[in-house]
Amino acid sequence: MSPTLLFLLVGVAVPFLALLLISFWTRDGFGFDTTLTFANYERIWTEPIFGALLSRSLWISGVVTVATVLLCYPMAYYVAFHVHRHKMLWIILMTLPFWTSYLLRIFAWKVILGYEGVINASLLSLGWIAAPLEFLLYSPTAVIITLAHAWAAFAILPLYVSLEKIDRSLLEAAADLGDGPARRFFRITLPLSMPGVLSAFFLIFIPTTGDYITPALLGGPDGAMIGNLIQLQFGAVNNWPMGAALSIVLTLWIAAIGLVFLALSRILAQRAA
Amino acid sequence: MDVLDQLHAVHTGRLSRRDFAKGLLGLGIGAVAIQAAPSRAFAQAGDHAAVFTWGGFDIEELYGSYVAKNGALPEFVVFGGSEDALTRMRGGFVVDIVHPCLTDTPRWIDTGLFQPIDPSRLSNWGDVMPGLYQREGNDAGDGKVWMAPFDWGGTSVTYRTDLYEPEGGESWDILWDERIAGKIGMLASGGDSWWCAAIKAGVPFSEIHTEEAFEKISAVLRAQRPLVRVYTDDTTTLEQALASGEMAAAMTWNSSAVLLQSEGVPVRFAQPREGQLTWICGFMMHRDAPNPDRAYEALDALLSVESGHFMIESYGYGHSNARAFEKFDEETLRSLGLSSNPEEILTAGHFGVPQTQEWESRMNETFELIKAGF
């Protein structure tokens, strides 16, 4: 057995199967009732809280993904095409926030978005607002802003790599054949950088959907996500089978959305070709 | 080094997607390994006691004699709610001593995860107020106890006297007052909030397990939810929000009010006419405690007069050492909402009644639903 296969088996397949098995059990005091049942999945289907938090999570992380890719693309583009010296320094500078702890970045955003935070204090001193903006913190907005910033490095790097790899002679050929900058970008650069866009999409969408630290600290009552609910099942609520079932459902949703996205991009690529 | 190789590859523009993916995989393993390493070390027999406690109890002032003897503080891991702590230990997390409250102990003992504490190994035990440990269910036989009491106090409302004037005197209604909608903070743990909501709903604690009580308390908490700015286990968040005026009132323990007052923030720790929620907390020892000798030393330091002075002076909590109170006059104690006779405070408020595990899980589940808006 190859090391890779062994690693996949021990690190991915076994835990996943364990999770799947537990999700068909039920809670029994502090232990498990190991009779196999669909009870947890039925609850997820019938009780509104699960669907609501799940769709909110998918929505939030969808917005985060789009925002991050849109913000990072120009940065990666600039370094790939317009920086000719010290490229590594530029990349390091862009991913600098990523060198500090995730938790630290969340607290930094708490300071920025807070009631007496940087934004509110500046706006107040400029006289643009009379009272601090309260929606900045403890809201889905706060979660979106923080996640988009926290995961930026995961978008910049794959975007940069795929942009850097584009054969410059193709761009010259397009220009020679009469394409303006905009047309050249949409016909050559964007399609050829799609692999980077796709990796960025997956690298951001997958982890942010299940994120629970950011919504726990900045989300407030209306910003809770499915990750918080899963964490609670393994914590205070003490219902591991339910937590397992929720994790499986979340995994399936992410997989389904990922597949749809992948299929769509394939179709688009074929049309373009 | 892999990372340097990758940086070099970026530098020369040769980082392939496969290399990049490989790097990410390496990062992932790194992140997992970093997380796993300290927790494994934590559970092993080492030089220091492993103390699993609430935030704010991981400071030098409380472990004077321990530090003097061992040259360093015990190892700490902090939790936000005791139910979280229990589920973590149920999942195999091993510590030496842990800090639950008396209402929890019967359920905790039932898990079989704890060993009785032998008071004869604690030099300060003679000064510990018997009223705090001679409680139902705490006797482990042979003169041993399950929980060594450490702190006691109340859960009530801390409010800004300059921003808010309670109508008709101090009461739990403050936290349900529409006038300060969006400026109310709540503790996220059901161990506090559910019980306080029971007081507000007029449910006697002896009936808190009934179906009717569940409905009444849920209704009260649901009605409050739109008024709440945030539910948090982090008392610092509540204290900062009260200090800045982001919140006008919040559910807190004694210490938040005392800390804010010492900073000059105009706040009061309310004495609601319905009574506070009162509690006694203390330490239990894990069945497989790797460092029991150090654990007893840490416990002895916690029960000392010096630690008691700090608890009363800086946090406004009651302490279990009777001699710790001698330094303070009745007036000082009263202004902190304390008394040298804890019975006086505990019986004036509402003291939690132990519940079954089923109740606890259901209560937490229901409260989480309510917090999420359902």
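Sequence lines set the chain letters: A, B, ... in the order given, protein chains first and strands last, and positions in each chain run from 1.
Using a 4.5 Å cut-off between heavy atoms, A:Glu47 makes no contact with chain B at all. Of the two parts of A:Trp90, neither the backbone nor the side chain holds a non-hydrogen atom closer than 4.5 Å to a non-hydrogen atom of chain B. Neither the backbone nor the side chain of B:Thr366 comes within contact range of chain A, judged by heavy atoms closer than 4.5 Å. Proximity to chain B (any heavy atom under 4.5 Å) is restricted, for A:Leu232, to the side chain, taken from C-beta onward. Using a 4.5 Å cut-off between heavy atoms, B:Arg225 contacts chain A through its side chain alone, with no backbone atom that close.
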| B:Gln240/A:Glu116 under side chain to side chain contact (heavy atoms under 4.5 Å, CB included): CA gap, chis, key distance, verdict | CA-CA 10 Å; B:Gln240 287 174 349; A:Glu116 287 187 319; over 6 Å; no
| said: I'd like to know whether A:Asn238 forms a side chain to side chain contact (heavy atoms under 4.5 Å, CB included) with B:Glu365, so could you lay out the CA-CA distance, the side-chain angles of the two residues, the decisive distance to 0.1 Å, and finally the verdict. | reply: CA-CA 9 Å; A:Asn238 177 39; B:Glu365 202 160 351; over 6 Å; no
| task | Let me see the working for A:Val237 and B:Phe367 under side chain to side chain contact (heavy atoms under 4.5 Å, CB included), right down to the final yes or no. | result | CA-CA 9 Å; A:Val237 173; B:Phe367 187 39; over 6 Å; no
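Between A:Arg27 and B:Glu358 there is no salt bridge, since no side-chain N of the basic residue sits under 4.0 Å from a carboxylate O of the acidic one. Classification of B:Glu246 and A:Lys110 as a salt-bridged pair fails, no side-chain N sitting under 4.0 Å from a carboxylate O.
Rounded to the nearest 0.5 Å, atoms OG (B:Ser361) and CE (A:Met242) are 14.0 Å apart. Here the OH atom belonging to A:Tyr138 is positioned 14.0 Å from the OH atom belonging to B:Tyr231, to the nearest 0.5 angstrom.
Contact between A:Trp240 and B:Thr87 at its shortest, heavy atoms only, is CZ2-O, 4.5 Å. Minimum heavy-atom separation, A:Leu137 to B:Arg229: O-NH1, 3.6 Å.
Residue with the most contacts toward chain A among B:Arg90, B:Lys371, B:Glu368: B:Arg90 (heavy-atom pairs, distance under 4.5 Å).
Open room surrounds CH2 on A:Trp45; 12 or fewer heavy atoms of other groups in view lie less than 6.0 Å from it. More than 12 heavy atoms of other shown residues, nucleotides or ligands fall within 6.0 angstrom of atom OH in B:Tyr164.
Against chain B, the residues from residues 220-229 of chain A that qualify, each with a non-hydrogen atom under 4.5 angstrom away, are A:Gly220, A:Pro221, A:Asp222 in number order.
Looking only at distances, no side-chain donor or acceptor of B:Asp84 sits under 3.5 Å from a matching main-chain atom of A:Gly235.
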